[in-house]
Amino acid sequence: MSDKTSIERILAAVRAIPRGQVAGYGEVARRAGLPGRARLAARVLSENADPKLPWHRVLRSDGRIAFPEGSRGYREQSQRLRAEGVSVVKGRVRGVKAARSVEELIWGPED
DNA sequence: GTATTGACGGCTA
DNA sequence: CTAGCCGCCAATA
């Protein structure tokens with residue numbers, strides 16, 4: 001079993017995502033100090049039961065919803081995102097694509 | 001012990 | 001734009 005600290009870090013990284021903002025699984029894992037653990041982040045979210053956790057702000061690096069179109073989670077996530085002012089079309093987020101790196105999230109896609 | 005799977009990611013064609 | 005391929009880690013069969 002993975003150390004709970006890793007789980008905690010991932011959850012913390014997810015909670016750190018500002019409202020109306022999104023991030024990729026790999027990005028979350030990276031911020032949690034666990035580079036390359038994108039799948040772990042996904043697993044954590046799949047197992048999480050915290051209603052206070054903004055899991056809906058986590059998508060794929062492509063800015064796409066991780067669930068298949070038409071799925072329960074798919075609708076749930078897209079709806080929640082829209083509720084935050086995020087434009088979601090065909091399971092894809094428009095405008096607020098997931099930042100590839102923390103620098104890009106802070107400084108923006110400049111340079 | 002190996003094989004398979006998954007809320008992944010990046011590169012190449 | 002999509003499709004294919006490979007690398008990645010952890011859980012499960």
Side-chain angles (χ1 to χ4, degrees):
Chain A
M1 221 168 125
S2 311
D3 294 359
K4 192 152 81 176
T5 50
S6 304
I7 310 294
E8 288 291 321
R9 282 182 214 243
I10 292 176
L11 292 175
V14 174
R15 294 195 195 93
I17 304 175
R19 185 177 178 281
Q21 178 61 221
V22 294
Y25 295 92
E27 196 48 49
V28 169
R30 191 175 305 176
R31 290 182 198 169
L34 302 166
R37 269 60 173 183
R39 298 183 101 136
L40 177 60
R43 187 155 190 51
V44 170
L45 291 183
S46 65
E47 293 291 311
N48 94 81
D50 188 343
K52 188 75 183 60
L53 187 75
W55 60 269
H56 54 271
R57 292 177 193 154
V58 186
L59 351 150
R60 279 189 114 166
S61 59
D62 301 63
R64 271 242 199 225
I65 303 285
F67 297 98
E69 188 175 326
S71 263
R72 182 82 174 327
Y74 170 89
R75 271 177 291 180
E76 177 84 36
Q77 184 164 22
S78 53
Q79 191 173 344
R80 282 182 180 234
L81 285 173
R82 283 174 184 167
E84 294 191 352
V86 179
S87 176
V88 182
V89 180
K90 288 181 170 57
R92 184 154 79 193
V93 172
R94 304 280 263 179
V96 229
K97 303 173 300 192
R100 297 181 348 3
S101 57
V102 192
E103 295 77 41
E104 205 172 277
L105 177 66
I106 301 175
W107 300 101
E110 218 165 315
D111 186 291

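A, B, ... follow the sequence lines: proteins, then strands. Residue 1 opens every chain.
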Distance in angstrom units between [X] [atom1] and [N] [atom2], rounded:
X: A/Arg43; N: C/dC9; atom1: CZ; atom2: P; value: 16 Å
X: A/Arg37; N: C/dA10; atom1: CZ; atom2: C1'; value: 10 Å
X: A/Arg9; N: C/dA10; atom1: CZ; atom2: P; value: 14 Å
X: A/Tyr74; N: B/dG6; atom1: OH; atom2: C1'; value: 20 Å
X: A/Ile10; N: C/dA10; atom1: CD1; atom2: C1'; value: 11 Å
X: A/Arg75; N: B/dA7; atom1: CZ; atom2: P; value: 17 Å
X: A/Ile7; N: C/dA11; atom1: CD1; atom2: C1'; value: 12 Å
X: A/Tyr25; N: B/dG10; atom1: OH; atom2: P; value: 14 Å

Legend entry - P-based separation of C/dG7 from B/dA7 [nearest Å]: 22 Å
Could you go through nucleotides 11-13 of chain B and list every protein N or O atom that sits under 3.5 Å from one of its N or O atoms, giving the distance for each pair?
none

Legend entry - Protein proximity profile, nucleotides 2-7 of chain C - base contact B, sugar-phosphate-only contact S, no contact -, cut-off 4.0 Å on heavy atoms: S----B
Inset, instruction - Would you please confirm or rule out a distance under 4.0 Å between OP1 or OP2 of B/dC8 and any side-chain N or O of A/Arg60? - result: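 Yes, such a contact exists.
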Inset, instruction - Considering just the side-chain nitrogens and oxygens of A/Ser71, establish if one lies under 4.0 Å of OP1 or OP2 belonging to B/dA7. - result: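 Negative; the distance criterion is not met.
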Legend entry - Selection from C/dA10, B/dG10, B/dA7 that lies nearest to any side-chain heavy atom of A/Leu45: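 Looking only at side-chain atoms, A/Leu45 lies closest to B/dA7.
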Inset, instruction - Taking only the side-chain heavy atoms of A/Trp55 (C-beta and beyond), determine which of B/dA7, B/dG9, C/dA11 contains the nearest atom. - result: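 Between B/dA7, B/dG9, C/dA11, the one nearest the side chain of A/Trp55 would be B/dA7.
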Legend entry - Non-hydrogen atoms of A/Tyr25 and A/Arg60 that approach each other most closely: CE1-N, 3.8 Å
Inset, instruction - Find the distance between CG (A/Leu11) and NZ (A/Lys52) and round it off to the nearest 0.5 Å. - result: 12.5 Å
Inset, instruction - Indicate, with a heavy-atom threshold strictly under 4.0 Å, whether A/Gly73 touches base, sugar-phosphate, or nothing. - result: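 A/Gly73: no heavy atom of the nucleic acid under 4.0 Å.
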